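One structure is given here, and the rest of the page talks about it.
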2 protein chains.
Amino acid sequence: MKNKIESRKEEIIRVATKLFKEKGYSAVTMRDIAKSMGIKAASLYNHINSKQDILKTIIISLAEQFTAGMLEIKSSGESCVNKLKAIIKLHVTLSSQNIYGMSSLNNDWMHLEEQLPYYIKLRSEYEDDFKNILEQGIGKGELINVKPDVMMFSILTTLRSLYLWIPKKEDIDLHDLTENLSQILLDGINK
Amino acid sequence: MKNKIESRKEEIIRVATKLFKEKGYSAVTMRDIAKSMGIKAASLYNHINSKQDILKTIIISLAEQFTAGMLEIKSSGESCVNKLKAIIKLHVTLSSQNIYGMSSLNNDWMHLEEQLPYYIKLRSEYEDDFKNILEQGIGKGELINVKPDVMMFSILTTLRSLYLWIPKKEDIDLHDLTENLSQILLDGINK
DNA sequence: AATTTTAACTAACAATTGTTAGTTAGTGAA
DNA sequence: TTCACTAACTAACAATTGTTAGTTAAAATT
């Protein structure tokens, strides 16, 4: 059952994810998805339950990967600065592996229906964990004493937008990117 | 003709802008907009030409304000760091005055039709100007020598996402926010 | 008072939406 | 060979979409 080769269902989700990034969930029709695969819209329903379900699969799977990553970082016992570097790396990794899906995660989460409260819970907990790390860093004197809200917003929105930027640089080295981002986000650009 | 009081057309645009932020352009119907105003969808067409036209008005007007702001900064003769601070202030100002419209600018620009090339031109030029300032800063030794692409991406995506964050803090002082952001974006958070 | 203008309305349109029902050709297992 | 299964198809559906036409009551202008 679980083959290495892509199942038809996975293909639908992959194609849909790319279309969702280009036009947004609401502007993509089932006929668009079908046409991209060279079949008819009705045929999609042999493999998936609904359009909603495609979106849910994309978003929840990604959100849970971020949650799992944060859990590991949180309990790593590293310094706060190292935890922040690990968060940066987590975003670079997941974003580069899911450049299309990140768009739905960022822009189409409000079109989740039953799963909306669950998504919001995951996101809130992620942000709380992030903020806790920053607050500890301030408390221990590792970080400057600026409002952790503003700090988190600034860093997290940069990381959340990585998907917009990674595909533009085909030759990009992800390790370099992680290093450069860490430097910029942690130490600033001012000499 | 040009009264201080809001015209019906302006009211439509204001209401639509808010709905576009909540659900995205494609998911908002003319009947949604009309319902929010307590009238019927057909009545909207006494004041506006099309749904497209509402989006165009929102996005192009905002994009042109950013272009105008950048033009002023570019030719100010200030140091690069001060130019960057001015850009931060520009984004805080325009974002706080247009928290709903910024969402369309960021997420619904691809649904522009005739005006899409013009929008893309404005955006490219803005980013080129931004990058030039960074490159000059590096050349003069004001800024650290990291890829200006990564620097611009990091700062600009933070600034472009301000609209998501400003409304959450009702008591926010915009001057404080500008200062905090300048510190974080320019000098980092590492002590 | 007569008129034009404004801005709402109802009714309808053609196109498009997500989805279901029923059918059919091909594939692997019994 | 027979059988069940897979995955495509055509046809259709009810609902919703942006928009237009024609009407009407009130307000502004003459």
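The model shown is predicted, which means the values in this text are computed figures rather than measured ones. Heavy-atom basis, side chains included; hydrogens, waters and symmetry copies ignored. In what follows, every chain begins at residue 1, and chains take the letters A, B, ... in the order their sequences are listed.
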From CG of A:Asp53 over to C1' of C:dT20, roughly how many Å is that when rounded to an integer? 17 Å
Rounded to the nearest Å, what distance is computed from the NZ atom of residue B:Lys23 to the C1' atom of nucleotide D:dT16? 12 Å
With the side chain of A:Lys51 defined as its heavy atoms from C-beta on, choose the nearest nucleotide among C:dG18, C:dC9, D:dG18. C:dG18
Donor-acceptor contact present, side-chain A:Glu142 to main-chain A:Val81, <3.5 Å: yes
Flag the pair B:Glu127 and B:Lys131 as a salt bridge only when some basic side-chain nitrogen lies within less than 4.0 angstrom of an acidic carboxylate oxygen. no
Kindly assign one of parallel, tilted or perpendicular to the pair B:Trp109 and B:Tyr119, based on the angle between their ring planes and the thresholds 30° and 60°. parallel
Is it true that, when you exclude B:Tyr100 itself, more than 12 heavy atoms of the residues, nucleotides or ligands shown sit nearer than 6.0 Å to its OH? no
So which nucleotide from D:dT17, C:dA8, D:dC9 ends up closest to the side chain of A:Ile39? D:dC9
Atom pair distance, as rounded to whole Å: CE in B:Met30 and P in C:dA14: 20 Å
A:Lys40 side chain N/O closer than 4.0 Å to the phosphate oxygens (OP1, OP2) of D:dA8? no
For A:Ser43, report the nucleic acid contact type (base, sugar-phosphate, nothing); a contact means any heavy atom under 4.0 Å. base
A:Met37 CE to D:dA7 P: how many Å, rounded? 11 Å
Could you tell me the separation between the CZ atom of A:Arg8 and the C1' atom of D:dC5, rounded to a whole number of Å? 17 Å
Would you mind telling me which residue lines up with the more 5' stretch of DNA chain D, B:Tyr25 or A:Ala42, judged by nearest nucleotide? A:Ala42
Take the protein atom OH of B:Tyr45 and the nucleotide atom C1' of C:dC9, then report the distance between them rounded to whole Å. 16 Å
Assess, by modelled atom type and distance only, whether the side chains of B:Asp32 and B:Thr29 contain a donor and an acceptor separated by less than 3.5 Å. yes
Using a cut-off of 4.0 Å on non-hydrogen atoms, how would the nucleic acid contact of A:Arg31 be classed: base, sugar-phosphate, or nothing? base
Please pick, from D:dA8, D:dG18, C:dT17, the nucleotide with the shortest atom-to-atom distance to any side-chain atom of A:Asn46. D:dA8
D:dT17 P sits how many Å from B:Asp32 CG, rounded? 7 Å
For B:Lys9 and C:dA7, what is the distance between atoms NZ and C1' respectively, to the nearest whole Å? 15 Å
Quick one: is D:dT6 close enough that its OP1 or OP2 comes under 4.0 Å of any side-chain N or O from A:His47? no
